[in-house]
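Structure first, then comments.
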Amino acid sequence: QVQLVESGGGLVQAGGSLRLSCAASGRTFSRYAMGWFRQAPGKEREFVGAITWSAGNTYYADSMKGRFTISRDTAKNTVYLQMNSLKPEDTAVYYCAADRHSALRTIAQASEYDYWGQGTQVTVSS
């Protein structure tokens, strides 16, 4: 089992930045990947990006490229989501998720992830 705890959300003005953290504990696997998703009220859960644990390869939704960056700290068992140039439409609950057997074909699909954190609220004001 894997436990995930997100932190770092809050209120920020448009154009500002936030750094979210996701601390992971429990067993990991050779193809383990960590993903970030977000969900705004009344909308479907949306893929933000992901990182493979072993090599640190990153993947992003097209709309996130250039603004959001995912990284990891293996010593702390933690992944990060750096969000820059935030817009009001980025307002959502952001979730960290873990996939035991990631594949590029399905890396953006929320249904493929096995474990989820509780989420952290990000609110971007105008």
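Heavy atoms only: backbone and side chains are in, while hydrogens, waters and symmetry mates are out. It should be emphasised that the depicted structure is a prediction, and the values quoted were computed from it without experimental measurement. Counting begins at 1 with the first residue of the sequence.
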Using the salt bridge (charged side-chain N to carboxylate O under 4.0 Å, His left out) rule, collect all pairs that involve residues 40-57, keeping only residues at least two apart or in two chains. R38-E46
ILVMFWY cluster, I107 and V79 together (side-chain gap under 4.5 Å): no
What is the minimum heavy-atom distance between P88 and A14, and which atoms define it? CD-CB, 4.1 Å
W116-V48 co-clustered via ILVMFWY side chain contacts under 4.5 Å: no
Side chain to side chain contact (heavy atoms under 4.5 Å, CB included) test vs T120 passes for just one of L20, L81, V93, V5, namely L20
Is there a path of hydrophobic side-chain contacts, each under 4.5 Å between heavy atoms, that joins Y80 and M64? no
Derivation and outcome, side chain to side chain contact (heavy atoms under 4.5 Å, CB included), residues M83 and V122: CA-CA 10 Å; M83 304 186 293; V122 172; 3.9 Å; yes
Should Y94 and M34 be counted in the same cluster of Ile, Leu, Val, Met, Phe, Trp and Tyr side chains packed under 4.5 Å apart? yes
Quick one: salt bridge (charged side-chain N to carboxylate O under 4.0 Å, His left out) pairs with a partner in residues 103-122, sequence neighbours left out? R100-D114
Examine distances only and state if a side-chain atom of Y60 and a backbone atom of I70 form a donor-acceptor pair shorter than 3.5 Å. yes
Shortest non-hydrogen contact from A33 toward Y113: O-CE2, 4.5 Å
Closest non-hydrogen contact found for L4 with A98 is CD1-N, 3.7 Å
Return each pair, listed once, that meets salt bridge (charged side-chain N to carboxylate O under 4.0 Å, His left out) where at least one residue sits in residues 69-86; pairs must be two or more places apart or across chains. none
How far apart are the closest heavy atoms of H101 and D99, and which atoms are they? N-OD1, 3.1 Å
Taken in chain and number order and not counting sequence neighbours, the residues that satisfy side-chain hydrogen bond (donor to acceptor under 3.5 Å, both in side chains) with Q109 are none
Sequence neighbours excluded - salt bridge (charged side-chain N to carboxylate O under 4.0 Å, His left out) pairs with any residue from residues 5-23: none
Side-chain heavy atoms of C22 within contact of W36, under 4.5 Å: yes
I need the minimum non-hydrogen distance between W53 and T74, along with the two atoms involved. CZ2-CA, 3.9 Å
Go through the structure and list residues passing side-chain hydrogen bond (donor to acceptor under 3.5 Å, both in side chains) with T123, not counting sequence neighbours. Q121
Go through T52 and Y59 one step at a time and tell me if the side chain to side chain contact (heavy atoms under 4.5 Å, CB included) criterion holds. CA-CA 9 Å; T52 62; Y59 308 88; 4.1 Å; yes
Among the clusters formed by ILVMFWY side chains lying less than 4.5 Å apart, do I51 and L18 turn up in the same one? yes
Which heavy-atom pair separates T91 from A40 by the least distance, and what is that distance? O-CB, 3.7 Å
